[in-house]
Every structure is written in C-alpha cells, then in structure tokens.
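Before any comments, here is the structure.
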Amino acid sequence: MALGSVCMRWVVSRMPLHLIKLCVGCDSVADLEDWIKLKLKLKEKKRRGQKPEHIHTTRMLPKRADELTDGGSLYWVIKGQITCREKILDIRTTTGKDGIRRCQVVLDGKVKLVEPRPRSAFQGWRYLDDKEAPRDLSRAAPGAAKMPEQMRRELRELGLL
C-alpha cells in the first residue's frame with residue numbers, strides 16, 4: 001500500500017512543563033498550607049461571589065505559559081528542599097496600582113507532598129521538565145506523608161527516603 005493512500009494520524013503527547021519557586025517565609029509545608037488558607041479565605045470569597053483561587057504574583061511572565069497550564073504544577077522549595085506542589089490552573093497578566101505589569105500564577109490551592117529533593121537557592125522561578133520533577137510522595141513512598149515533616153527531612157538526608 002502506498003504511503004500517500006494511507007491516512008496516518010500522529011498523536012503527539014506533550015509532557016507537562018512545571019515551575020519551581022522558593023517558598024520564601026515558609027519553614028514547613030504546614031506554614032504554606034496556613035498561608036494558602038489565609039489568602040483563600042474561602043467563606044469570605046464565596047459570600048462575595050468570587051472564585052476561591054490561590055494566586056501567586058510574580059514579576060516575570062513565563063514565555064511557555066501554554067505548556068504550564070496544560071497539566072503543569074508549581075513545585076515549592078522549602079528550607080532547601082523541593083517538598084510539595086500545587087497544580088497550575090492559569091497564567092494571567094495584571095498591572096498593579098504602581099503601573100508595573102506582573103504575572104499571576106493561578107493555583108488550585110491543594111498542596112501535594114512530593115518526594116523530597118535538595119535544591120539550592122535561586123531568584124525568581126525556573127522551568128522544571130516533567131521528567132525531572134519529583135514524584136508525588138504517595139507514589140514514591142506510600143505512608144510517608146503521614147510522618148512528621150522533620151522526620152521526612154531527616155530520612156531524606158540519610159538517603160532513606
């Protein structure tokens with residue numbers, strides 16, 4: 001059969017692209033979760049008819065925003081380790097009262113623990129390819145999510161997690 005007479009359809013599966021960012025001011029995942037709850041103020045937003053979104057504002061707009069919103073997550077670095085992630089729902093631009101354009105990363109507000117991985121400090125955010133992203137802790141080490149965070153850190157430092 002001639003190649004020209006065959007209708008071939010190639011399906012290209014794209015791997016999600018992620019962001020990685022330092023969680024400045026948080027000493028633990030619990031701190032991050034408390035911060036998110038404070039920012040969300042779910043009951044108050046629902047009363048006003050607003051969406052309960054977790055929005056993280058940053059200066060630089062990602063050039064690859066479409067890839068980030070196609071299944072990507074924001075991986076948080078807390079105390080020198082990638083520890084958790086939130087799913088990215090949208091990337092928006094906004095202009096502040098000061099006239100400066102900024103980027104809003106809209107997140108689902110659901111923190112998922114990931115396999116702890118050391119990460120040195122950096123400024124801003126970085127892209128993180130899916131193949132380099134740590135696995136969710138529930139898949140990497142079932143039951144480890146129930147351990148205290150400090151214990152997970154120590155086990156990671158010993159190479160046991």
*Could you walk me through whether His56 and Trp76 pass ring-ring contact (aromatic ring centres under 6.0 Å, His included), step by step?*
CA-CA 12 Å; His56 180 74; Trp76 290 108; 5.3 Å; yes
*Check step by step if side chain to side chain contact (heavy atoms under 4.5 Å, CB included) holds for Leu22 and Phe122.*
CA-CA 7 Å; Leu22 299 181; Phe122 58 93; 3.9 Å; yes
*Residue pair Arg101, Thr93: steps toward the side chain to side chain contact (heavy atoms under 4.5 Å, CB included) verdict*: CA-CA 7 Å; Arg101 191 174 133 192; Thr93 57; 3.8 Å; yes
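Under the 4.5 Å side-chain criterion, counting only non-hydrogen atoms from C-beta, Leu113 is in contact with Arg152. Annotation: side chain of Arg92 is not in contact with side chain of Arg102 (no heavy-atom distance under 4.5 Å). Using a 4.5 Å cut-off on side-chain heavy atoms (C-beta onward), Leu17 and Asp129 make contact. Under the 4.5 Å side-chain criterion, counting only non-hydrogen atoms from C-beta, Thr83 is not in contact with Tyr75. Counting heavy atoms from C-beta on, the side chains of Leu128 and Pro134 come closer than 4.5 Å. The shortest distance between side-chain heavy atoms of Thr95 and Ile100 does not fall below 4.5 Å. Ile78 is listed as a side-chain neighbour of Cys84, based on a closest heavy-atom distance under 4.5 Å. Annotation: side chain of Cys23 is not in contact with side chain of Val77 (no heavy-atom distance under 4.5 Å).
Listed for the His18 side chain is a donor-acceptor partner under 3.5 Å among the backbone atoms of Ser73. No donor-acceptor pair closer than 3.5 Å links the side chain of Arg117 to the backbone N or O of Val114. For the pair Asp31 (side chain) and Asp27 (backbone), a donor-acceptor distance under 3.5 Å is present. Judged by distance alone, the side chain of Tyr127 and the main-chain N or O of Leu68 form no donor-acceptor pair under 3.5 Å.
Annotation: the span from Cys103 atom SG to Met60 atom CE amounts to 9.5 Å, rounded to 0.5 Å. In this structure, CG in Leu61 is found 11.5 Å from OG1 in Thr94, a value given to the nearest 0.5 Å. Put simply, OG on Ser138 and CD on Glu115 are 11.0 Å apart, with the number rounded to the nearest 0.5 Å. Taking CG of Leu32 as the reference point, atom SG of Cys26 lies at 5.0 Å (rounded to 0.5 Å). Atom CZ of Arg139 sits about 12.5 Å away from atom CG of Leu137, to the nearest 0.5 Å. With values rounded to the nearest 0.5 angstrom, Ile82 atom CD1 is found 6.0 Å from Arg119 atom CZ.
Between the side chains of His54 and Glu86, at least one donor-acceptor pair of N or O atoms lies under 3.5 Å.
Other residues, nucleotides and ligands place more than 12 heavy atoms under 6.0 Å from the CZ atom of Arg64. With a 6.0 Å radius and a threshold of 12 heavy atoms from other residues, nucleotides or ligands, Lys21 has its NZ atom above the threshold.
At a threshold of 4.5 Å between side-chain heavy atoms, the hydrophobic network of Ile, Leu, Val, Met, Phe, Trp and Tyr places Leu107 and Trp125 in one connected group. Hydrophobic clustering (ILVMFWY, side-chain heavy atoms < 4.5 Å, transitive): Val29 and Leu38 are in distinct clusters.
Among all heavy-atom pairs drawn from Ile88 and Leu74, the shortest one is CG1-N, 3.7 Å.
Across Asp130, Asp136, Asp108, a single residue satisfies salt bridge (charged side-chain N to carboxylate O under 4.0 Å, His left out) together with Arg85, and that is Asp136.
Hydrophobic cluster membership of Val106, counting Ile, Leu, Val, Met, Phe, Trp and Tyr whose side-chain heavy atoms lie under 4.5 Å apart directly or via other members: Ile55, Leu89.
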